[in-house]
Q: 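Below you'll find the structure I mean.
First the proteins, then the strands, lettered A, B, ... as listed; each starts at 1.
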Number of protein chains: 2
Amino acid sequence: MNYDEAKIKFVSTWGSLGSLWGINKAMAQIQALLFISTKPLSMEDIMEDLQISRGNTSMNLRQLMDWGIVTKEIIPGERKEYFTTEKDVQELARVIAKERSRREIQPVIKVLKEVSSIKDDGTEATKELIKQTKALHDLTETADDMINKLVNQKQNWITKSLLKLIK
Amino acid sequence: MNYDEAKIKFVSTWGSLGSLWGINKAMAQIQALLFISTKPLSMEDIMEDLQISRGNTSMNLRQLMDWGIVTKEIIPGERKEYFTTEKDVQELARVIAKERSRREIQPVIKVLKEVSSIKDDGTEATKELIKQTKALHDLTETADDMINKLVNQKQNWITKSLLKLIK
DNA sequence: TTAAACTTTCAATAATAATTGAAAGTTTAT
DNA sequence: ATAAACTTTCAATTATTATTGAAAGTTTAA
């Protein structure tokens with residue numbers, strides 16, 4: 001397998017994996033492309049490489065910036081905008097986990113809390129609904145806490161680094 | 001919020017959450033319905049409650065059984081087949097995590113390993129591709145190991161319980 | 001063996017989501 | 001102020017995925 005084959009394989013695999021972290025194919029592929037690029041890429045570069053339209057590229061780059069994993073890079077003397085992605089896999093994982101928690105897990109926790117808090121009317125069905133949604137609520141919250149622990153761990157790491165600089 | 005409202009809210013929320021664990025809406029809703037039911041449900045029951053077709057119900061029940069979270073229940077004297085889901089949230093979480101690992105994470109790890117193992121031709125682009133996919137491979141493998149640790153923890157718990165029974 | 005009761009399959013259809021491309025919008029240079 | 005270079009928006013189109021429903025298949029009872 002040479003460079004071009006490997007690159008195509010990586011980008012398309014990462015793209016089809018998009019569903020795992022809740023984003024679409026083009027979005028995941030753009031991120032993958034930037035992830036292995038040695039320099040910032042322009043919209044033109046991305047369109048050409050992935051063979052997708054300008055509109056698609058623009059919209060998905062915006063979403064990636066919303067997620068906080070892609071940033072605009074201004075290159076002096078250049079009219080075009082250039083883009084780069086977070087290159088540290090650990091940080092990438094943290095951002096993705098945090099965003100998924102905020103966008104998808106938190107709303108579910110809210111509903112589970114509401115549902116598990118209904119008044120117990122004494123029927124077996126209500127008791128079961130309360131019991132099971134409560135169990136699900138606790139589980140989901142625990143899982144989410146674990147994610148937040150990881151995020152905060154990063155926070156600590158940054159804090160430590162900053163403290164070292166100050167000292 | 002009364003029982004019926006709460007039930008509808010839970011089932012539909014859990015359904016829309018399906019994407020988070022990689023299954024479709026109907027499948028997630030069927031599981032949700034069984035999860036809060038006090039007794040096994042027939043295909044008829046499910047169809048009526050969720051207002052979905054017989055075919056859809058049949059196919060999704062099968063998938064849930066493939067995942068190992070729903071089982072057929074034979075009720076003596078009854079012609080119909082009845083279904084129940086795993087009621088323990090911890091076990092449910094383990095099964096889902098394990099299946100997702102097997103179906104989605106493992107194949108990606110394989111590709112990442114292949115791509116990161118291409119011959120270094122000395123170019124900057126190739127070096128970057130190798131470096132970044134290697135980092136991603138290590139990260140993904142570590143995350144997957146954590147999932148397996150949880151699964152094995154359950155194994156240990158079962159083993160312990162069995163040992164207690166034997167003693 | 002037949003028929004009733006039930007389940008599965010799958011081609012057709014419907015619903016949803018992604019993508020395009022061209023017009024409108026913005027920024028920069030002159 | 002104008003035009004060139006570039007980006008964004010969004011209605012229309014295309015691709016993908018989910019759902020239906022009726023025919024075929026299976027099991028059980030008599």
Side-chain angles (χ1 to χ4, degrees), chain A residues 11-34 40-67 70-84 100 103-104, chain B residues 11-34 40-67 70-84 100 103-104:
Chain A
V11 171
S12 71
T13 302
W14 203 242
S16 65
L17 187 70
S19 69
L20 199 88
W21 43 297
I23 65 172
N24 75 40
K25 201 181 76 176
M27 201 172 145
Q29 288 191 343
I30 292 171
Q31 199 276 328
L33 194 62
L34 292 172
L41 300 179
S42 69
M43 225 161 77
E44 214 73 40
D45 294 335
I46 296 167
M47 286 168 60
E48 195 182 322
D49 211 319
L50 299 179
Q51 291 290 303
I52 59 178
S53 73
R54 189 173 295 283
N56 199 3
T57 309
S58 171
M59 286 170 123
N60 284 111
L61 274 171
R62 170 116 80 94
Q63 280 215 74
L64 285 164
M65 288 189 283
D66 286 349
W67 273 72
V70 162
T71 46
K72 241 178 223 176
E73 197 104 334
I74 302 299
I75 296 192
E78 285 270 15
R79 204 49 187 279
K80 285 193 200 120
E81 292 176 329
Y82 285 78
F83 301 89
T84 45
R100 283 217 95 178
R103 289 165 200 243
E104 306 193 74
Chain B
V11 172
S12 72
T13 303
W14 203 242
S16 64
L17 187 69
S19 68
L20 199 87
W21 42 297
I23 66 173
N24 76 38
K25 201 180 76 179
M27 200 171 148
Q29 288 190 343
I30 292 171
Q31 199 276 327
L33 195 62
L34 293 171
L41 299 179
S42 70
M43 224 161 79
E44 214 72 41
D45 294 335
I46 296 167
M47 286 168 61
E48 196 182 322
D49 211 318
L50 299 179
Q51 291 291 303
I52 58 176
S53 73
R54 190 173 293 283
N56 199 3
T57 309
S58 172
M59 286 171 122
N60 283 113
L61 275 171
R62 171 117 80 93
Q63 279 216 74
L64 284 165
M65 288 188 283
D66 285 349
W67 273 70
V70 163
T71 47
K72 242 179 224 176
E73 197 103 332
I74 302 298
I75 296 192
E78 286 269 18
R79 205 49 186 280
K80 283 192 199 119
E81 293 177 329
Y82 286 78
F83 301 90
T84 45
R100 283 217 95 177
R103 290 166 198 244
E104 306 192 74

Q: Checking E104(A) now: which residues fulfil salt bridge (charged side-chain N to carboxylate O under 4.0 Å, His left out) with it, not counting sequence neighbours?
A: R100(A)
Q: Answer yes or no: is there a side-chain heavy-atom contact under 4.5 Å between I46(A) and L61(A)?
A: yes
Q: Would you say CZ of R103(B) has more than 12 non-hydrogen atoms from neighbouring residues, nucleotides or ligands within 6.0 angstrom?
A: yes
Q: Between K25(A) and E78(A), which has a closest nucleotide on DNA chain D that is more 5'?
A: E78(A)
Q: Give me the first and last nucleotide of DNA chain C, going 5' to 3', that has any atom under 4.0 Å from a heavy atom of chain A.
A: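 Listed 5' to 3', the contact boundaries are dA18(C) to dT28(C).
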Q: What do you reckon, is CD of E78(A) surrounded by more than 12 foreign heavy atoms closer than 6.0 Å?
A: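 It does: E78(A) CD has more than 12 such atoms within range.
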Q: Just the rounded figure in Å: distance from C1' of dT17(D) to CD of Q63(B).
A: 12 Å
Q: May I have the distance from I75(B) (atom CD1) to dT28(D) (atom C1'), rounded to whole angstrom?
A: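 Result: 17 Å.
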Q: Looking at residues 51-60 of chain B, who's got a heavy atom less than 4.0 Å off DNA chain C?
A: R54(B), G55(B), S58(B), M59(B)
Q: Which heavy atom of A32(A) sits nearest a heavy atom of V11(A), and at what distance?
A: CB-CA, 4.1 Å
Q: Using the test side-chain contact (heavy atoms from CB on, under 4.5 Å), find all partners of S58(B) that sit at least two apart in sequence or belong to another chain.
A: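 Per chain and number, S58(B) pairs via side-chain contact (heavy atoms from CB on, under 4.5 Å) with M43(B).
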Q: With a 4.5 Å cut-off on side-chain heavy atoms, are F83(B) and L64(B) touching?
A: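 No - every pair of side-chain heavy atoms lies 4.5 Å or more apart.
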Q: Can you pull every protein N or O that's under 3.5 Å from an N or O on nucleotides 13-15 of chain D?
A:
none

Q: Using side-chain contact (heavy atoms from CB on, under 4.5 Å) as the criterion, list what pairs up with S42(A), not counting sequence neighbours.
A: E44(A), D45(A), K80(A), Y82(A)
Q: Evaluate the side chain to side chain contact (heavy atoms under 4.5 Å, CB included) criterion for residues S16(B) and K25(B): first the C-alpha distance (whole Å), next the side-chain angles of each, then the deciding distance (0.1 Å), finally the verdict.
A: CA-CA 6 Å; S16(B) 64; K25(B) 201 180 76 179; 5.7 Å; no
Q: Less than 4.5 Å apart, any side-chain heavy atom of N60(B) and any of I52(B)?
A: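 Contact flag for N60(B)/I52(B) side chains = no.
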Q: May I ask you to say what E44(B) touches in the nucleic acid, namely base, sugar-phosphate or nothing, with a heavy-atom cut-off under 4.0 Å?
A: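 No contact.
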